[in-house]
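Quantities reported herein were computed from a predicted structural model and do not represent experimental measurements. The chains referred to below are lettered A, B, ... by the order of the sequence lines, with proteins before strands, and numbering in each begins at 1.
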There are 2 protein chains.
Amino acid sequence: MLEAKLQQAALLKRLLDSIKELVTDANFNCTEEGIHLQAMDNSHVALVAVKLDADGFKKYRCDRPIPLGVNFASLTKVLKCAKDDDIVTIKADDDGDVLNLTYEARYADRIAEYAVKLMEIDADSLDIPVTEYDARVTMPSSEFTRIARDLSLLGESVKIEVSKEGVRFSSEGEAANASILLKQTDAACQKYENYGKETKTEDDDDKEEGGSNKAKKGKVKKEDKDVDMEGDGNEDENNDDDGEFKAKSDDEGEDEKEDEEEEEEESSSKKRKKAPSKNGKPTKKAKKSEEGSPDVGVMIEMNQHVILTFSLKYLVNFSKSSTLSDTVQIMLSNDVPLLVSYTFGQGDIKYYLAPKIGEE
Amino acid sequence: MLEAKLQQAALLKRLLDSIKELVTDANFNCTEEGIHLQAMDNSHVALVAVKLDADGFKKYRCDRPIPLGVNFASLTKVLKCAKDDDIVTIKADDDGDVLNLTYEARYADRIAEYAVKLMEIDADSLDIPVTEYDARVTMPSSEFTRIARDLSLLGESVKIEVSKEGVRFSSEGEAANASILLKQTDAACQKYENYGKETKTEDDDDKEEGGSNKAKKGKVKKEDKDVDMEGDGNEDENNDDDGEFKAKSDDEGEDEKEDEEEEEEESSSKKRKKAPSKNGKPTKKAKKSEEGSPDVGVMIEMNQHVILTFSLKYLVNFSKSSTLSDTVQIMLSNDVPLLVSYTFGQGDIKYYLAPKIGEE
DNA sequence: GGAGGTCGTG
DNA sequence: CACGACCTCC
């Protein structure tokens with residue numbers, strides 16, 4: 001028996017809009033921890049993984065694990081019948097072959113019930129190796145969408161290169177070649193300071209380290225970025241391969257700098273307090289001033305220079321999840337599948353895509 | 001070597017959006033004076049000419065004349081990758097076969113570089129005879145767009161008739177006939193008083209004459225309109241063929257009226273001073289209250305009654321340039337190609353279209 | 001934000 | 001030949 005109540009139907013709607021093009025059907029695996037889903041795309045090139053935490057629901061009950069085999073086209077149709085701010089309850093019996101959805105209008109004056117037929121789906125649950133990535137790029141999801149779309153106008157694939165300089169997306173096409181360089185910005189580093197720190201194990205390590213090794217670590221990390229922003233080019237950091245994501249890597253080097261630049265630390269730490277970092281998960285799209293305020297820029301964390309090439313078609317597809325979060329994180333390691341991750345209030349959606357190899 | 005820096009990519013984007021449907025490719029002829037382009041449409045019926053003054057650029061350098069043969073589809077794709085307020089720099093080597101475009105984000109945290117392949121295009125530069133037109137209509141570009149679109153829904157061609165009464169657009173279609181009459185308004189005459197006076201030789205003449213022949217000339221012209229607006233029908237003015245654009249033509253006839261209507265002259269001249277005529281070139285789209293304020297109306301300058309018929313398809317196409325200017329000028333002479341001109345801060349775009357002859 | 005039209009894909 | 005996705009207009 002599963003029963004889960006979601007405050008806003010919008011989340012489910014967007015989630016399905018995000019992935020229905022990539023995947024035709026998959027199991028919603030419901031456990032007491034929540035609901036998760038994992039599926040290869042139809043051509044078995046990309047993998048999508050969705051996680052909805054139990055405590056993100058208004059109400060959640062799952063007596064024992066149930067896989068709900070859902071056809072996304074069907075579920076999408078049914079979800080289109082919900083208004084964004086309807087309260088939606090999904091229910092399924094243990095032995096059930098249907099998924100029941102109930103939509104309650106905000107003011108309870110309307111109740112709609114739907115039943116979607118379920119299907120048996122072979123549970124080929126793929127183990128995703130928990131990789132420690134060499135580089136992580138955090139940026140506004142709208143900007144990632146834009147880049148993917150822009151470059152897809154010109155070419156088939158994109159080369160993503162992360163260096164101290166920033167992250168470069170480049171593409172070659174028949175009509176034109178393109179190269180987009182995003183430099184890290186102060187604004188981004190402040191905004192994304194703690195973004196996604198709970199979502200990956202490495203990040204937790206990073207956090208713990210920050211808390212234990214040094215009392216001021218939390219502050220220092222930011223400071224580190226501020227410092228690096230000005231005089232970026234100390235490539236020695238690339239040699240630091242402790243395998244953790246860190247803000248601009250290497251804490252050790254900082255310790256020295258810290259003393260020299262105590263003053264600036266103070267000022268920047270003040271700045272941080274003033275704008276106490278939205279701390280991830282802007283589920284609802286923030287009020288856009290004009291163009292979606294994609295101008296916070298990008299934050300880069302890396303301990304290794306990476307260059308990888310990917311199919312733009314998939315990245316464009318992934319970027320549909322920008323409806324779920326204002327922020328996206330891209331994790332890369334050489335010769336390893338890319339991870340594109342959107343984190344929202346109640347969970348996250350992660351896309352994996354193997355790089356193109358050899359000649360693109 | 002060409003290097004030109006434009007403060008806002010929007011101009012280029014709009015320019016290409018305007019003409020890409022009409023022309024597939026053409027030479028951007030770069031000289032030290034600026035960039036100009038001239039091309040027949042794909043079916044060799046219409047001609048488009050674009051002029052971008054060198055001093056309208058934030059930076060401009062062109063050592064020697066270069067024709068840059070551009071495929072508009074390619075360039076359009078690349079321009080789609082620019083945001084409206086990106087700073088765009090275009091560069092080309094003298095012998096280069098590529099056009100380099102660099103987009104810098106407002107806050108410099110993003111730099112995108114594109115290289116568009118160029119092509120050889122036979123430079124069949126057409127000499128456009130500098131015609132003195134019998135009639136000129138100045139009106140909000142949005143209104144012209146609307147008329148062209150509306151009539152194109154009903155018929156294939158439009159008959160444009162300029163008389164003292166105003167300008168009439170009429171069209172006959174299978175389902176319905178249409179006739180739109182725009183009368184000259186005070187507001188338009190005041191707003192457009194000096195519009196485009198620097199863009200054409202005839203206009204300068206007009207201006208000079210106004211200043212020399214008669215001290216009060218500037219005032220008189222408006223007054224003339226005020227009078228005509230009320231009691232239109234004095235067709236005798238059409239016989240005045242001094243070959244210059246004048247506000248409603250013939251100064252001589254006015255002299256008589258002036259004395260009779262001194263009072264009204266004064267009042268109208270005051271009005272003019274109060275709203276000292278935006279003086280052309282509203283490059284940036286003015287803040288539109290709701291519907292684009294197309295209600296200023298139309299100003300008509302003529303010294304000959306003209307009736308011409310044109311293909312609506314092309315006028316609809318021309319009117320795409322309304323993104324470039326709030327104002328459009330239409331110049332007509334009997335049996336001569338129509339000229340539709342949009343003037344913006346850094347130059348202008350002119351469309352020429354031969355009239356249909358005989359039965360439409 | 002929604003609907004209709006066009007283009008590309010299966 | 002039909003469906004779905006994308007883009008533009010309303």
Q. Can you name the residues that form a ring-ring contact (aromatic ring centres under 6.0 Å, His included) with A:Phe310, not counting sequence neighbours?
A.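 A:Phe310 satisfies ring-ring contact (aromatic ring centres under 6.0 Å, His included) with no other residue.
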Q: Using ring-ring contact (aromatic ring centres under 6.0 Å, His included) as the criterion, list what pairs up with A:Phe144, not counting sequence neighbours.
A: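 Expected list: none.
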Q | Any side-chain heavy-atom pair of B:Val298 and B:Val137 under 4.5 Å | A | yes
Q.
Could you check whether A:Ser321 and A:Ser18, counting side-chain N and O atoms only, form a donor-acceptor pair closer than 3.5 Å?
A. yes
Q: Kindly write out the residues that satisfy side-chain contact (heavy atoms from CB on, under 4.5 Å) with B:Ala26, not counting sequence neighbours, or none if the list is empty.
A: B:Val23, B:Leu37, B:Ala39, B:Phe72
Q. At what distance, to the nearest 0.5 angstrom, does NZ of A:Lys350 lie from OH of A:Tyr342?
A.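 Reported to 0.5 Å precision, the distance equals 13.5 Å.
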Q) Is the NZ atom of B:Lys77 crowded by more than 12 outside heavy atoms at less than 6.0 Å? A)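 Not more than 12 within 6.0 Å, no.
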Q) So what does A:Arg149 hit on the nucleic acid, given a heavy-atom distance under 4.0 Å: a base, only sugar-phosphate, or nothing? A)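 Nothing, no heavy atom under 4.0 Å.
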Q: Tell me what A:Lys320 touches on the nucleic acid: a base, only sugar-phosphate, or nothing, going by heavy atoms under 4.0 Å.
A: sugar-phosphate
(Q) At under 4.0 Å between heavy atoms, how does the protein contact nucleotides 4-10 of chain C? Give one character per nucleotide, 5' to 3', with B, S or -. (A) -------
Q: Please collect all salt bridge (charged side-chain N to carboxylate O under 4.0 Å, His left out) contacts where either partner lies in residues 308-322 of chain A, sequence neighbours excluded, each pair once.
A: A:Glu21-A:Lys320
Q: Could you tell me from which nucleotide to which nucleotide of DNA chain D, 5' to 3', there is an atom under 4.0 Å from chain A heavy atoms?
A: D:dA5 to D:dC6
